[in-house]
Amino acid sequence: GNVENHHHYSLLAEQRKDRIHQYFWNTEKGFYCDYDISKNAPSSVLSLAGLFPLYFGLVSQEYADITLNNLKIHFLRPGGLVTTLAETGQQWDAPNGWAPLQWIGYSAAMRYGHQTLANEIAQRWIGLNEKVFYSTGKMLEKYNVEDVDAEGGGGEYPVQDGFGWTNGVYLALKSRF
């Protein structure tokens, strides 16, 4: 019932939305990217972090369409979404996919009416989870989404068995089909 504060915080929310687009939209890449402070511009590195503005409903349909088209072209793999396009041997880079980011991708696509893409993300991730589970008896923390016959890996420790986020995302996506 506090109209004055409502207007004040609504204005701040709109300003934040505008600044997210201003500072994180990379026109050349057609994707939201991290901000490179040293270059005073959006980074040219593509990662699934660029979906968070869509996940939270902070972008126009036009920019969501561009972003989701590029998501499909660059990130969608046989087992789901790859986290980054870089192959560095580190766990957060290609060829790995992580459950929380599959959920962000699925949800962002659904929010902006890209149901076919959302379903494709979900079905590929579910299929990979089930394939690995039926062959190993385990749900894992990360998966190789590029080669569904290979294990996820990289980083400073071995792939961990049984992760709550994997189980939760699997169940949430599975309940939609």
Side-chain angles (χ1 to χ4, degrees), residues 20 24 26 29-36 42-59 64 67-112 114-177:
I20 286 170
F24 299 103
N26 183 316
K29 299 287 184 176
F31 213 79
Y32 288 90
C33 297
D34 289 336
Y35 191 77
D36 186 332
S43 167
S44 62
V45 175
L46 296 178
S47 80
L48 292 184
L51 297 180
F52 279 88
L54 282 72
Y55 177 79
F56 289 108
L58 300 176
V59 305
T67 303
L68 292 167
N69 183 55
N70 283 317
L71 176 73
K72 182 178 181 179
I73 292 168
H74 299 293
F75 290 89
L76 188 60
R77 301 292 196 271
L81 297 173
V82 66
T83 305
T84 73
L85 306 180
E87 294 202 26
T88 64
Q90 293 302 311
Q91 66 181 5
W92 286 101
D93 289 327
N96 293 326
W98 296 75
L101 294 171
Q102 306 304 310
W103 181 256
I104 296 298
Y106 169 82
S107 299
M110 288 297 288
R111 177 183 283 271
Y112 286 93
H114 289 248
Q115 187 167 357
T116 301
L117 175 59
N119 290 344
E120 193 66 33
I121 293 165
Q123 290 171 348
R124 290 180 187 205
W125 183 253
I126 289 167
L128 178 56
N129 284 198
E130 290 176 350
K131 180 184 187 306
V132 171
F133 180 79
Y134 292 134
S135 67
T136 67
K138 301 175 185 178
M139 297 295 275
L140 304 174
E141 75 168 328
K142 62 185 172 231
Y143 294 83
N144 183 328
V145 296
E146 293 183 351
D147 179 354
V148 296
D149 294 319
E151 292 184 6
E156 62 278 355
Y157 59 86
V159 175
Q160 301 295 297
D161 297 344
F163 248 61
W165 63 26
T166 302
N167 302 343
V169 168
Y170 170 82
L171 291 171
L173 292 174
K174 187 75 174 176
S175 73
R176 285 154 170 78
F177 297 96

Check step by step if side chain to side chain contact (heavy atoms under 4.5 Å, CB included) holds for K142 and V159. CA-CA 7 Å; K142 62 185 172 231; V159 175; 3.8 Å; yes
Between V45 and T84, is there a side-chain heavy-atom distance shorter than 4.5 Å? no
Using every non-hydrogen atom in the two residues, find where T83 and F75 come nearest and quote the distance to one decimal. O-CE2, 3.7 Å
Presence of salt bridge, E130 and K174, under 4.0 angstrom: yes
Nearest-0.5 Å distance, CG of residue N70 to CZ of residue F31: 7.0 Å
Show your reasoning for whether side chain to side chain contact (heavy atoms under 4.5 Å, CB included) applies to L81 and L101. CA-CA 8 Å; L81 297 173; L101 294 171; over 6 Å; no
Side chain S175, main chain A172, donor-acceptor under 3.5 Å: yes
Search all heavy atoms of L68 against all heavy atoms of A108 and return the closest pair with its distance. CD1-O, 4.1 Å
Begin with the C-alpha distance, continue with both residues' side-chain angles, and end with the deciding distance and a verdict on side chain to side chain contact (heavy atoms under 4.5 Å, CB included) for M110 and R176. CA-CA 12 Å; M110 288 297 288; R176 285 154 170 78; over 6 Å; no
Calculate, to the nearest 0.5 Å, the distance between atoms CG and OG belonging to L54 and S107 respectively. 11.0 Å
Quick one: sort the W98 and W92 rings into parallel, tilted or perpendicular, breaks at 30° and 60°. parallel
What I want to check is whether the side chains of D34 and S43 have a donor and an acceptor closer together than 3.5 Å. no
Is E146 close to E87 at the side-chain level, that is, under 4.5 Å between some pair of heavy atoms? yes
Quick check: closest heavy atoms across T166 and A99, and the distance to 0.1 Å? CA-CB, 3.6 Å
Are T116 and N119 packed together at the side-chain level, in the sense that at least one heavy-atom pair is separated by less than 4.5 angstrom? no
What distance separates L58 CG from F24 CZ, expressed to the nearest 0.5 Å? 11.0 Å
Is the shortest heavy-atom distance from the side chain of I20 to the side chain of F52 under 4.5 Å? no
Near Q123 CD, under 6.0 Å, is it more than 12 heavy atoms from other residues, nucleotides or ligands? yes
Taking every heavy atom of L128 against every heavy atom of N144, the minimum-distance pair comes out as CD2-O, 3.7 Å
Quick one, V145 and P78 - any side-chain contact, counting heavy atoms below 4.5 Å? no
Report the distance from atom CD of Q102 to atom CG of L173, rounding to the nearest 0.5 Å. 8.5 Å
Is it true that Y112 and Y55 have ring centroids separated by less than 6.0 Å? no
Aromatic ring proximity, centroids under 6.0 angstrom, W125 and Y143: yes
Distance from I121 atom CD1 to I104 atom CD1, nearest 0.5 Å? 11.0 Å
Decide yes or no for L76 and E120: does some side-chain heavy atom of the first lie under 4.5 Å from some side-chain heavy atom of the second? yes
Please find the pair of heavy atoms, one from N129 and one from M139, that lie closest to each other, and give the distance. OD1-CE, 3.6 Å
Give, for atom NE2 of H114 and atom OG1 of T67, the distance between the pair rounded to the nearest 0.5 Å. 9.0 Å
Step by step, would you call V82 with L48 a side chain to side chain contact (heavy atoms under 4.5 Å, CB included)? CA-CA 8 Å; V82 66; L48 292 184; over 6 Å; no
If you look at every heavy atom in A86 and D93, which pair is closest and at what distance? O-CB, 3.1 Å
Verify the distance criterion only: is there a donor paired with an acceptor across the side chains of Y157 and E141 at less than 3.5 Å? yes
Salt bridge between R77 and D147, side-chain N to carboxylate O under 4.0 Å? no
